[in-house]
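Below is one structure, written out as C-alpha cells, with a few remarks after it.
Each chain gets a letter, A, B and so on, in the order the sequences are listed, and its residues count up from 1. None of these values were measured; they are calculated from a predicted model.
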Amino acid sequence: MLTFIRKRSVASLFSLVGLIVMVFFLSRMTGDPASLFLPVEASAEMKQQFRELHGLNDPMLVQFGRYVGDVLTGDLGESYRKARPALDVVLEAFVWTLWLAVTTMSLVTCAAIVVGSLAAFRAGGFFDRAASMLSLIGASVPDFWLAIVAIVIFSINLAVLPTSGTGSLAHWVLPIAVLFVRPFGIIVQVVRGSMITALSSAYVKTARAKGVRSGPIIFIHALRNAMLPVITVIGDQAASLLNGAVVVETIFGFPGVGKLMIDSILQRDFNVVLAAILVTALAIFFMNLLIDLAYALLDPRIRH
Amino acid sequence: MAEHLLDVRDLSVEFHTAAGVVKAVCNIFYHLDRGETLAILGESGSGKSVSSAAIMNLIDTPPGRITSGEIYLDGVDLLTMRPQERREVNGKRIAMIFQDPLSHLNPVYTVGWQIREAMTTHGLQSEAAEAEALRLLGRVGIADPQIALKKYPHQFSGGQRQRVMIAMALALRPDLLIADEPTTALDVTVQAEVLALLKELQREIGMGVLIITHDLGVVAEIADRVVVMEKGALVESGTVGDVYRNPKHPYTRKLIAAAPGRGAMHEDDQKGDVLLRVRDVRKSYGAFEALRGVSFDLMAGQTLAIVGESGSGKSTLARVLLRLEEPDTGSALWQGRDLFRLPPRELYRLRRDLQMVFQDPSQSLNPRMTVFQLISEAWVIHPDILPRSRWRERVAELLQQVGLSPDHMRRYPHQFSGGQRQRIAIARALALEPRLIICDEAVSALDVSVQAQVIELLDRLRQETGISFIFIAHDLPVVRDFADQVMVMRKGRIVELGGVRQIFEAPREAYTQALLAASLDPDPDVQASHRARRAASPSPLSME
C-alpha cells in the first residue's frame, strides 16, 4: 500500500515539474511585462529600471532557474499588481474555491448515488426514465446560461437571493446550485450504468438466494462494487471545480481562484498566475492520491 | 398422496427476448424428498437451470415469465406467496450454490462477513453468527478458519471458494440445497472432494439436494434419481441406475453414448519421425516456477495429450512452444532447428507450421469478421500460400472438411453454436496447412455430445492429413479415445509419460492413479465401486 502511494507520488511529481516549465516559458512569451505595468508614457530608462528590479533582463533560463529555486524555498514572488506575496493572494482565493468545490461535490456525490442507484434498480421504469432525461439535460446545459437564468429568476424576479458577491450563506446558494447541475447529470449516468452491471452480477444473485432485502442488496452489495468507475468520474469533475469554475465565479463575482487566474492573466501578473497553477496542480495531485486511496479502500483486490 | 419436500408441477417459463418468445421450460414435473438427491441433467440451452431459478425466485420479470404450474415446498405453493414470504424462504429453507464461486461471492467483502450475513439476514445475532461462521468454515475443511474469515474471495483457490459457498449455503441448515453445476469449474480431484463433502453434509443435515449438471459422471457419483431435459422439455426420469442402463428416450441414449472414454484406444505405435524434440524447458514468473524442466518427443502424425490440473503448467508449455512467451531455458528442436532461438523472420515463416486452437471460440474469433475473412486472413499474412483468386474455393473446401457448409462463409461468429464456432477455429488453423496444431482445452467449453463430435473431427483430420496434435486437457477421459501418447503434468513437472493404453490401464505413478480415480465414470455401478475403494483407502493426494 505504501509503495503504491510512493509510486503514484513520484509519477505525479514529474507531471508537476513539466507543468511548471511549460507555464513559465509560455507566459513569458506573451508580451513584455515592463511595457504592460508601466504607464504608456514611461521612459525607456524607467522600463529598464523596472526590468532590472525584477530580473527581467536576465536570460530566460536564468530567470527560470531563479524561479525554481524560489519555489523550492516556498517563495513564489510578489504580485506586481497587489504588492503582496503571490502565494498569499492565491491561497486566499483558493480557500474560497476549495469550499465551493468540496460543498458542491459532496452534495453532487450523495444525490447522484441515490438517484442513479434507484434508477438502476428499476431500470426502464418511470423513475429511471425521468432521472435519465433530467441527467441528460443537466449534463448538457451550459453553465453561463444557467447562471444568468438563475440570477434573473431568483435574484431579480423573486428577489430571494443575492446576485453576486460574498458575505452571507445566501451568497453561496446560487453558485453551488449552478455548479451542481453538470457533474450531477454526468455522475448520475455513470452510477446508473455501473449499478445496472453490478445488480445483474452473480454475487447479487447469491445475495438474493440468501434472502437479503432489496435495500442492502442495492446499497451494500452492489453499490460498493459499482463505485469503482464512479470514483474516477467524481475525481474528474472535482478537478475541474478545483481548477476554478472560471465562468461561474466571474458571473457571481465569487473571489475564487478561477476568477483570480483570469484577472492575473489579463494583467500579466505572472507570479500570481504561476502560483495559482502550482497550488491548484498540487491540490489536484492530492485529490488524485485520495481517489487512489479510495479505490484501494473499496476494493481489496487492489490492496493486495 | 404423501407430501414431498419439493414438488414441481406443470412448470412453464418463457423469456421475452428481441428474437421473440423463448419457451425455456415447458410443463415439467419433478419432486424431491428429504435426504434424497435428484439430478437435473441437460446440455446448454436445455432449461435445466431455469426451474431452479424459479424455485429461488431468481428469474427477472421481465424478461422472464412463469406461465403455468406450481412449486410446492412441504405442500405450500411458493409461486402464490407474497415476496416478503419468498424472501424468508430463501437462505433459510432453500439454499443455493453456483457454478463459478469466484463471481458468485462478493469481491469486496470478507468471506466471514458474507457467511455471517446469511444468518443475520434471518434474524441471528451477529456474535452468534460469527461463532457459527467459524464453526462452518472448519466443518467444510478450510484450514485456519479464524484467519480465513477475514480473507477476501480472491485469496482462496477455486475449490476452497466452493467450500466457502457451501458453508454459507448450509449456515441455517436448509431443508433443500440447490447446486447448479457446483463442480464444473473445478479440477477433477477437487471435484471429487467437493462432491464427497456435499454428500457428507447431506447425511448430517438430512436435506434434499437438487443438483443441476451436464455431466453424467456427477449424476452417477451423487444422485439417487435423475431427470433428463432437452430444449425445455423433460424427456426422461427415473433412478440413476435405470436411466443409465435402460435409457428410453433417444436423447438420453445419445448423451450416454457421447460420454467420453468409452471407445477404442489407439495402439501404442512409436514408429515414425520425431517432429518436435523438447528438452528441459523451464519458465518462471517471479518466484513462481511454472515449468520446472519438461522434456518430451512428439512423433509426426501422432497426438500427444497433456493432462494436468490448474497450476500444472500445461498452458504455459503451449504458449512457450508457440513463442507467445519466452522460456527461461531449454530447447525445442523442430526439423533440426531450435524453435526458441529462431530469429523473428524465420519465426514468422514457422508460424505457418504451428497453429493453435483455443478454449473459448467466442473469444478467439473476432466478432466483426465474417467466417470468410477469419479463415482467409491467414493468406493475407502469408500471401505465398494461395493466390487470391482461389481463396473462396479453398475456404469452402475447409468448411466442408470441418463439417460446415460452404455458404456459412458469409456469416459472423455469433450466428453459430459453440461447437460450430470451434469448427471455424479449426478451419482457420488448417488454412495455413500446419504440421502441428496445439489445442488448449479446445473442447472443455463444449457440451458433451458436441465434444465427442469435435474430437472425432480432429482424429479424422489427423488420419487424412498427417497433422500432429498437442492436445491439452484437464480431464483424462476426454483424451482417452484420441491420444497416442499421454503426458501427465503436475506443478510444472512431468509426472508420467507413456502410451495411452499404459496410462489408462496400468498407470505407474500415484498421481496418475489418483487422477483416474477422481475422474467420474458415467456408469453408476463403476462409480459406486470407486467410492467403495476410496472409502477403504483415503486418497493421500489432497490438492488443496
Quiz prompt | Interchain contact, Ile97(B) with chain A, by part (heavy-atom threshold 4.5 Å) | solution = neither

Quiz item: Quick one: does Arg87(B)'s side chain have a donor or acceptor within less than 3.5 Å of a partner on Lys210(A)'s backbone?
Solution: no

Self-check item: Selection from Met119(B), Glu88(B), His122(B) maximising heavy-atom pairs under 4.5 Å formed with chain A
Solution: His122(B)

Self-check item: For chain A, the option from Pro107(B), Ala53(B), Gly91(B) that forms the most heavy-atom pairs under 4.5 Å
Solution: Pro107(B)

Practice problem: Dump the intermediate steps for side-chain contact (heavy atoms from CB on, under 4.5 Å) on Lys205(A) and Phe98(B), then the final yes or no. | Solution: CA-CA 10 Å; Lys205(A) 206 160 116 190; Phe98(B) 300 89; 3.5 Å; yes

Quiz item: In terms of heavy-atom contacts, does OH of Tyr285(B) have more than 12 from other residues, nucleotides or ligands at under 6.0 Å?
Solution: yes

Quiz item: Contact part of Asn57(B) toward chain A, heavy-atom cut-off under 4.5 Å: side chain, backbone, both or neither?
Solution: backbone

Quiz item: Can you tell which of Gln114(B), Met96(B), Met168(B) makes a side chain to side chain contact (heavy atoms under 4.5 Å, CB included) with Thr206(A)?
Solution: Met168(B)

Self-check item: Crowding at CZ, Phe127(A) (>12 non-hydrogen neighbours, <6.0 Å)
Solution: yes

Quiz item: Is the side chain of Ser103(B) donor-acceptor paired with the backbone N or O of Ala202(A) at a distance under 3.5 Å, no angle test?
Solution: no

Practice problem: Answer with side chain, backbone, both or neither: which region of Leu298(A) has an atom nearer than 4.5 Å to a non-hydrogen atom of chain B? | Solution: backbone

Quiz prompt | Sidechain-backbone polar pair: Asn90(B) side chain, Arg208(A) backbone, donor-acceptor under 3.5 Å | solution = yes

Self-check item: Straight-line distance of Asp299(A) CG to His154(B) NE2, nearest 0.5 Å
Solution: 8.0 Å

Self-check item: Arg224(A) side chain to Val108(B) backbone, donor-acceptor under 3.5 Å
Solution: yes

Quiz item: Taking every heavy-atom pair that is under 4.5 Å apart, which of Thr121(B), Ile178(B), Leu102(B), Leu58(B) has the most such pairs with chain A?
Solution: Leu58(B)

Quiz item: Does some side-chain heavy atom of Trp113(B) sit less than 4.5 Å from a side-chain heavy atom of Ile220(A)?
Solution: yes

Self-check item: Pairs of heavy atoms under 4.5 Å with chain A: top-ranked of Gln155(B), Gln84(B), Met165(B), Lys92(B)
Solution: Gln155(B)

Self-check item: Polar side chain donor-acceptor pair, Glu117(B) to His221(A), under 3.5 angstrom
Solution: yes

